[in-house]
Amino acid sequence: MIEFISKNNAFLLQGETFSYAMMVGKSGFLQHVYFGKKIDEQDLDYLTKQASILSPNEDNINMDTVFGYMPSEYGLFARGDYREPAVIAEREDGCVASRLRYVGYKICKGTPKLEGLPHVRHAEQTLSITLKDDFSSLQVVLNYTVCGNVLARNAELYNAGKGVIQLKRALSFGFELPNDNYNVLRLSGMQLQERMPVTAPLANGITKLQSICGVSSHFMNPFMGILRGECGEDYGECYGVQLCYSGNFLISAENLSNRLPIRVQGGIADMGFSWQLTGGESFVTPQAYLTYSSQGLGEMSRSFASFIRDYIVAPAWVNTPRPVVVNSWETCYFDFDDKKLCALIGEAAKLGVDTFVLDDGWFGKRDDDTSGLGDWFVNENKLQGGLKKLIDCCKRHGLKFGLWFEPEMINEDSDLYRAHPDWAVHIPNVSGVRSRNQLVLDFTRKEIVDAVYDMVADVLNNNDIAYVKWDMNRYLTENFTLSLPAERQGEFMHRYMLGVYNLAERLLAAFPNVFFEGCASGGGRFDAGMMYYFPQIWASDDTDGFERCKIHWGTSICYPLSVISAHVSECPNHHTGRFTPYETRGAIATLGAMGYELDLGKLTEQNKADTIKQVAHYRSIERLILEGDVYRISSPFRSNIFAVMVVNKDKSEGYFVAERIQSFPGDYDRFMRVAGLDPEKRYLLQETGVIATGKALMGAGLLIPKGGDYSSWVWHFKQVKD
Ligand code: GLA
């Protein structure tokens, strides 16, 4: 619910578990007033009175002590606020000062339509507040949409004058918190180790999480948790912020002085960014999502997970059972032909797998990673009979067929490059940076996006393809395009992202029955922006049965399990060399959209039988993975046991998965509490036949028996109806 309370000159936004308030101060500045536990309208009398102490007035408006203290909704620049601003707008004379004042508001039905950008799909109403700069023709519209436990925000910057405005920074949101002891939680890492949670105190200065890789990146996920004092999985207060954006981003929390409020803000990274607004033009920033929890990190994660499912992921897929795939990548890399693949398809069918995904290597002249990208037509030397033969083979065995593309890329050794060398991102006369031997196509150019669309659409139109894996295996360098004049080169990175979103939008619209999976060297572009197009994303190339515990733990802090693709792969693991039991690899893969990535034909008879059981088991708990709430119980970063629990919304069913990392004397049988059940309901534990109330199970726990290194347990609880 969104209200304007005229007696307080304030806006009150009510989420399910939070309230958010701001007011128009004496001289028309939009002040942040409150974000936290639910309050009601009466509380605004006190809150706005307090806040008005910090409101600038016409007498002190030019004193530098004033703006530095004022909690702002969208920070100004070069006018006495020494914290980083939300916007830097340069006039034609080079002046960058800004002082934004309130003009008016409107509350409209539905969500703002962010043309060309992913966004929340529905909502009851949106508040739009217009601000106007005192020193330039810049106007800013701040949009606020309440979506359950989450507040969606973005900004639109409009040049109402005739001169040119050069945006040097244009963030999506800002808010401020009373100064206190906070810790910042980030999901950082690298390729093969994505979204590792790291918490550190919010010290004086700026804590800035950012990517300037051209994609949201393996290094840093576009998420920040701000934890107040002591905050654990099920206690304490915290705020979560994430961006619906897949390119360069920043999220910062600034503690300039212990006497000033903490400014939290974020959006597109300003490093190398600029955007030219001629008279009458607007710039629309990506959406940001804010949530608050008074019951620890677990609650924050569940709010974000429900939000991503309810508002971001395509409704047609979100709760639809996912294909259990076998993927050819770790199975045979580039080394395959039609016979080998048909044999794999035959094995897959016997073991209950329902989709075969042909990964890299099927197109152009591609036998390793030095050539072929950009030539999206089948290599008939390798695959005799073409895709048709493989698809027919799948059909004979009752399987669906999936195919890998890397639409944004090009190899110099490709027909596409030979025909259009200028299509690759490059700086004329400068040797470009290669990564994995490939270059990036310049998606700021419409004709290039169109050409890629035509090639991919041609394959999808002419073949019965149920599933596409859209990969992206390098970061952006050069940051230059032939399509823009000098003064607009700073637009390159964002325009590239708009090109990617545009291609995804068009392919999804043209092929609504094709399931698209995202990927970027594993989880290098794992964000709400991508989830708008791809209902699931290959979370990491690291498929190790232990490492994946960490990846699922970290990823679940901000995203639902249903968006995590998780495969069982072979041992020794190709990336870590580790051996983990087949059973454990299967158990951990059930904490996501489960699949396989190994030569099923080479499995032992025992492991083949295990596979049949794993797939059947997965199907029996799949609803929980798609729709359930996650409770993180025991951290693989801090204990010898990894344990998580998933419970459905009406708490009639629960699913528990645990892994013992190392076996050592003295760590034998131990009790592990479960979480999230209804205390009063009675549950039957399918695996053992035990019946107990939620109270007992959550109070006393269950015995985790002795087991070897990387041994695992899965328990499925079902309510017993009296
Ligand atoms: C990336 C992906 C892998 C696989 C390869 C193919 O690394 O993350 O899953 O698709 O590319 O080249």
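All ligand and atom numbering here is 1-based and tracks the order in the structure.
Per-residue contacts place Asn473 under 4.0 angstrom from the following atoms of ligand 1 (heavy atoms of the residue considered): 1 (C), 7 (O), 11 (O), 12 (O). Proximity to Trp538 (heavy-atom distance under 4.0 Å) selects the following atoms of ligand 1: 8 (O), 9 (O). For ligand 1 and Asp360, the ligand atoms under 4.0 Å from any heavy atom of the residue are 6 (C), 12 (O). Those atoms of ligand 1 that come under 4.0 Å of a heavy atom in Gly522, given as number and element, are 8 (O). Residue-ligand proximity, Cys519 to ligand 1, at heavy-atom distances under 4.0 Å covers atoms 2 (C), 8 (O).
Asn573 and Arg585 are not linked by any side-chain donor-acceptor pair at a separation below 3.5 angstrom, with hydrogens and angles left out of the test. Judged by distance alone, the side chains of Trp470 and Glu408 do bring a donor and an acceptor atom under 3.5 Å apart. Checking Ser540 against Glu194 by side-chain atom types alone, a donor-acceptor pair falls below 3.5 Å. For the 3.5 Å distance criterion, the side chains of Gln614 and Tyr596 qualify, holding a donor opposite an acceptor.
Closest to atom 2 (C) of ligand 1, if we only count protein heavy atoms, is Asp471 OD2, 3.1 Å. If you check which protein heavy atom lies closest to atom 5 (C) of ligand 1, you get Trp329 CE2, 3.5 Å.
Counting heavy atoms under 4.0 Å from ligand 1, residue Glu330 does not touch it at all. Contact annotation for Glu406 and ligand 1: no heavy atom of the residue comes within less than 4.0 Å of the ligand.
In this structure, Arg366 pairs ionically with Asp360, as a charged nitrogen and a carboxylate oxygen lie closer than 4.0 Å.
Within the set His567, Glu517, Lys469, the minimum heavy-atom distance to atom 9 (O) of ligand 1 is found for Lys469. Of all the listed residues (Asn327, Asp359, Asp541), Asp359 holds the heavy atom that lies closest to atom 4 (C) of ligand 1.
More than 12 heavy atoms of other residues, nucleotides or ligands sit less than 6.0 Å from atom CD of Glu547.
For ligand 1, the polar-atom distance check against Glu597 finds no nitrogen or oxygen pair separated by under 3.5 Å.
The aromatic ring centres of Phe304 and Tyr289 sit 6.0 Å or more apart.
Partners of His574 according to the ring-ring contact (aromatic ring centres under 6.0 Å, His included) rule, which considers only residues two or more places apart in sequence or in another chain, are Tyr333.
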